[in-house]
Amino acid sequence: MSTEIVAYQPGALSEEMDYARAVSTANMLPDNYRGKPADIMLAVGLGRSMGLSPAESLYRISVIKGKPTASAELIAANVRKAGHRLRVTSDGTSATCTIIRADDPEFPFGVTRDLAWAQRMGLAKNDNYAKQAETMLTWRAITACARIACPEALYGVA
């Protein structure tokens with residue numbers, strides 16, 4: 001049995017904080033991180049655990065009501081990277097996501113999101129749903145299905 005001792009690297013935390021402070025004022029930074037270096041550090045750390053670059057972490061992980069939330073694109077990528085199959089069908093007013101786990105190919109998980117669901121959730125009046133309902137319903141179906149079918153592929157990010 002081999003054990004490794006990893007030495008603490010002085011300055012690593014201060015270097016990360018310097019980076020976070022520097023980018024926290026960038027115009028290209030998503031609004032939810034602007035002026036919040038501590039949130040930037042947390043997002044970059046979460047992203048690192050998923051194999052993401054700092055920039056990708058900041059664009060694919062958002063803070064919503066104080067919780068880190070992965071974008072639907074990141075969730076779909078992680079599901080596929082984990083070896084599971086993800087399929088989406090939509091007809092403009094509804095979207096269905098089906099995930100077939102690599103370790104249980106006989107049992108498909110499926111979630112459908114439609115305009116009636118968006119109405120019940122109070123989302124239908126949201127500008128994004130009015131302008132691009134099919135896209136919004138697709139993203140919601142993907143995230144809901146992944147949470148049920150393969151939460152381990154989300155790395156603890158909702």
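Only a predicted model underlies this, so the values are computations on that prediction, with no experimental measurement involved.
With a 4.5 Å cut-off on side-chain heavy atoms, E73 and W139 count as touching. Between P30 and Y59, some side-chain heavy-atom pair lies under the 4.5 Å cut-off. For the pair F107 and I100, the minimum side-chain heavy-atom distance is 4.5 Å or more. Contact of the Y129 side chain with the Q119 side chain is not registered, since no non-hydrogen atoms from C-beta on lie closer than 4.5 Å. In this structure, W117 and R140 have side chains that are in contact, with non-hydrogen atoms separated by less than 4.5 Å. You'll find the side chain of T69 stays beyond 4.5 Å of the side chain of V63, heavy atoms only. A 4.5 Å side-chain heavy-atom check between R85 and T98 finds every atom pair outside the cut-off. Contact check for T96 versus V111: no side-chain heavy atoms found under the 4.5 Å cut-off.
To the nearest 0.5 Å, atom OG of residue S90 and atom CG of residue L137 are 8.5 Å apart. To the nearest 0.5 Å, atom CZ of residue F109 and atom CD1 of residue I148 are 8.5 Å apart. Atom OG of S53 sits about 10.0 Å away from atom CZ of R60, to the nearest 0.5 Å. Separation of atoms SG (C150) and CZ (R80) is listed at 11.0 Å; rounding is to 0.5 Å. The line from CG of L58 to CG of D39 is 10.0 Å long, rounded to the nearest 0.5 Å. Atom CD of Q132 is separated from atom CG of N126 by 9.5 Å, given to the nearest 0.5 angstrom.
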Determine whether E106 and R101 satisfy the following criterion, salt bridge (charged side-chain N to carboxylate O under 4.0 Å, His left out), listing intermediate values before the conclusion. CA-CA 9 Å; E106 303 303 316; R101 290 185 56 93; over 6 Å; no

Starting from the C-alpha separation in whole Å, work towards a yes-or-no answer on side chain to side chain contact (heavy atoms under 4.5 Å, CB included) for I40 and K36. CA-CA 6 Å; I40 291 169; K36 299 176 183 172; 5.5 Å; no

Test side-chain hydrogen bond (donor to acceptor under 3.5 Å, both in side chains) on T93 and D91 and set out the steps. CA-CA 6 Å; T93 60; D91 63 10; 3.2 Å; yes

Using side chain to side chain contact (heavy atoms under 4.5 Å, CB included), reason through M50 and L74 one step at a time and then give a plain yes or no. CA-CA 10 Å; M50 294 183 217; L74 177 58; 3.9 Å; yes

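A salt bridge links R48 with E16: the distance from a Lys NZ or Arg NE/NH1/NH2 to an Asp or Glu carboxylate oxygen falls below 4.0 Å.
Each of V79, N78, I75 was evaluated against L86; a single residue qualifies, V79, per the side chain to side chain contact (heavy atoms under 4.5 Å, CB included) test.
Within the 3.5 Å criterion, the main-chain N or O of A102 finds a donor-acceptor partner in the side chain of H84.
Using a 4.5 Å cut-off between side-chain heavy atoms of Ile, Leu, Val, Met, Phe, Trp and Tyr, with links allowed through other members, I61 and Y19 fall into the same hydrophobic cluster. Clustering ILVMFWY residues whenever any of their side-chain heavy atoms sit less than 4.5 angstrom apart, transitively, puts M17 in the very cluster that holds L13. Grouping the Ile, Leu, Val, Met, Phe, Trp and Tyr side chains by contacts below 4.5 angstrom, directly or via other members, places L46 with V44. When hydrophobic clusters are built by joining Ile, Leu, Val, Met, Phe, Trp and Tyr residues whose side-chain heavy atoms come closer than 4.5 Å, directly or via intermediates, L42 is not grouped with L154.
Nearest heavy atom pair, residue A95 against residue A141, reads O-CB, 3.7 Å. What you find for Y33 and A43 is that their closest heavy atoms are OH-CB, 3.2 Å.
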